[in-house]
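Order of the sequence lines sets the chain letters (A, B, ...), proteins ahead of strands, with each chain counted from 1.
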Protein chains: 2
Amino acid sequence: MKKDSQFSSVGRPRAFDPDTALEKAMQVFWRQGYEGTSLSDLTEAMGINRPSLYAAFGNKEELFLKVLDRYGSGPVAYVMCALDEPTARQVVEKLLRESAALMGDPEHPRGCMAVQGILCGGQGTGYVLEHARSRRVAMQRKIQERFERAQAEGDLSAAVGAADLARHVVMIINGLSIQASNGASAEELKAAAEFALRSVPGLD
Amino acid sequence: MKKDSQFSSVGRPRAFDPDTALEKAMQVFWRQGYEGTSLSDLTEAMGINRPSLYAAFGNKEELFLKVLDRYGSGPVAYVMCALDEPTARQVVEKLLRESAALMGDPEHPRGCMAVQGILCGGQGTGYVLEHARSRRVAMQRKIQERFERAQAEGDLSAAVGAADLARHVVMIINGLSIQASNGASAEELKAAAEFALRSVPGLD
DNA sequence: TGTGTTTTGTATCGGTCGGTATGAAATGAA
DNA sequence: TTCATTTCATACCGACCGATACAAAACACA
């Protein structure tokens, strides 16, 4: 019985901060994708050596899943936050504007990590690919449920399908991601979000 | 001075058809992406061995570029074809409907190859990545120029920016691609295209 | 039947991949 | 000081990567 993931006061203390190391790993995966990132890339960026990485994070797959968690609760936390907006219109506004802002932010790599780093993949990447895909689907479902609530509360027309609208919004966000990786500037992304916002039907 | 790419009547005849081999290669790259596809995957799918592949197509990079050409003049030829429609509205309709049809077609891998197989990439894939990106940008520009013509011809409101509209349409198409790789059915993709079509502004 | 030419199959190249064995170094406890 | 425990750094593992060397095989031509 090992007491893993529990920091122990005995033994040699680790010479790195797991949280900042995870942040560095996220940057690399974000920029290069899962398959495009080698362990050498990771250890160099994280400032640690291989055995330390495996001891702290398991292996490359598990590290990426941890990075995905961090990504969801960090840079794209605005998604869940946007669902708390009072009306469907404000939810969509916040989703699109924050997405454009994030993907145009020069501080991060371009585009969405869950799109950038995961779409493609050979046979060895089945598990990671499936995991990230289910995350994207889950996000879309959350948005759909929010729209269903909005219809029940009366601030969204019942004429449009909540599933259709949610899918449309997610498509716009993913479109923004690809525009960003195509080299679109922050201003262009902002303009694209506003343009799409003007065209979404059913939002009072 | 070698006379390459010219079929010579002398010497042992090749035992495979380069065109069908290229088709097989496209299927694999489409499904697995550039980095996710190994030479063993390619030779197995194409039914040829390594030296034959190199003699006929150069190397992995050149093969992928040839596949990209084939992709543009084959499965996605409808894009250039759609630009010949008489009005901007019909152009957009054809673009979105054909995109949804292609990406939902169970005969091909899901999604768009230029998105699926190229977005992510490490340092070694710079040239291929840049090439495919410039293709996506060029396609968007073609669509923009078509809209500018439509504005000059009067079937598209001058109130909307041609660049904005073109970018929006491309974003929808790319969004469809990601929906497809998320597992959306052909019917869902069709519905998504119709929904987006209803919401595009400026189309009479 | 040779002879030159091109493709074929096999076997292999150096390099890099993800993942580890091993022992030294650094701590708290005894 | 000594020991148990944990992390550190080095060096290495087999497997696979993209790419080739080499010679046998299959053709046209003489």
Original post:
How do A:G47 and B:G58 order along DNA chain D: which one's closest nucleotide is nearer the 5' end?
Top reply: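 Taking each residue's closest nucleotide, the earlier one in sequence belongs to A:G47.
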Subject >> Of B:N59 and B:R12, the one whose closest DNA chain D nucleotide lies more 5' >> reply: B:N59
Value in whole Å for how far the [atom2] atom of [N] lies from [atom1] of [X]:
{"X": "A:F64", "N": "C:dG18", "atom1": "CZ", "atom2": "P", "answer": "13 Å"}
{"X": "A:L53", "N": "C:dT20", "atom1": "CG", "atom2": "C1'", "answer": "13 Å"}
{"X": "B:M46", "N": "C:dT8", "atom1": "CE", "atom2": "C1'", "answer": "15 Å"}
{"X": "A:Q32", "N": "C:dC17", "atom1": "CD", "atom2": "P", "answer": "11 Å"}
{"X": "B:D41", "N": "D:dA15", "atom1": "CG", "atom2": "P", "answer": "18 Å"}
{"X": "A:I48", "N": "D:dC8", "atom1": "CD1", "atom2": "C1'", "answer": "11 Å"}
{"X": "A:L42", "N": "C:dG19", "atom1": "CG", "atom2": "P", "answer": "11 Å"}
{"X": "B:F57", "N": "C:dT7", "atom1": "CZ", "atom2": "P", "answer": "12 Å"}

Subject >> Between A:S177 and A:N174, a side-chain donor and acceptor under 3.5 Å >> reply: no
**OP:** Would you kindly say whether A:Q144 and A:Q140 are connected by a side-chain donor-acceptor distance under 3.5 Å?
**Re:**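 No.
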Original post:
Is the distance from OP1 or OP2 of C:dC17 to the nearest side-chain N or O of A:S38 less than 4.0 Å?
Top reply: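 For A:S38, the contact criterion (side-chain N or O under 4.0 Å from OP1 or OP2 of C:dC17) is met.
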Original post:
So, is A:S52 close to the D:dT7 phosphate, meaning a side-chain N or O under 4.0 Å from OP1 or OP2?
Top reply: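 No, outside the criterion.
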**OP:** Establish, yes or no, whether the cationic atom of B:K60 lies under 6.0 Å from the six-membered ring centre of B:Y34 and within 45° of the ring axis.
**Re:** yes
**OP:** I would like to know whether A:E194 and A:R198 meet salt bridge (Lys or Arg N to Asp or Glu O under 4.0 Å); could you show each step before the answer?
**Re:** CA-CA 6 Å; A:E194 295 300 328; A:R198 234 179 301 143; over 6 Å; no
**OP:** Determine the contact category for B:T37: base if any of its heavy atoms lies under 4.0 Å from a base atom, sugar-phosphate if only primed atoms, P, OP1 or OP2 are that close, otherwise nothing.
**Re:**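 Sugar-phosphate only.
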Original post:
What nucleic acid atoms does B:A55 come within less than 4.0 Å of, heavy atoms only: base, sugar-phosphate, or nothing?
Top reply: nothing
Which nucleotide wins on minimum distance to the side chain of [X], given the candidates [options]?
{"X": "B:Y54", "options": "C:dG18, D:dT7, D:dA19", "answer": "D:dA19"}
{"X": "B:V10", "options": "D:dA28, D:dA19, C:dT7", "answer": "D:dA28"}
{"X": "A:P13", "options": "C:dG19, C:dA26, D:dT6", "answer": "C:dA26"}

**OP:** Using a strict 4.0 Å threshold on nitrogen-to-oxygen distance, state whether A:R133 and A:E130 make a salt bridge.
**Re:** yes
**OP:** Check the angle between the aromatic planes of A:W30 and A:H108 and answer parallel, tilted or perpendicular using the 30° and 60° thresholds.
**Re:** parallel
**OP:** Check the surroundings of atom CD in A:E44: do more than 12 heavy atoms from other residues, nucleotides or ligands lie under 6.0 Å from it?
**Re:**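 12 or below, so no.
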**OP:** Check whether any side-chain N or O of B:R50 sits under 3.5 Å from a backbone N or O of B:L39 as a donor-acceptor pair, and report yes or no.
**Re:**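 No, B:R50 side chain to B:L39 backbone: no donor-acceptor pair under 3.5 Å.
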Original post:
Starting at the 5' end of DNA chain C and moving along, which residue's nearest nucleotide shows up first, B:A15 or B:G11?
Top reply: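 In this pair, the answer is B:G11.
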Subject >> Nucleotide-resolved protein contact map, nucleotides 10-15 of chain C, B/S/- at heavy-atom distance under 4.0 Å >> reply: B-----
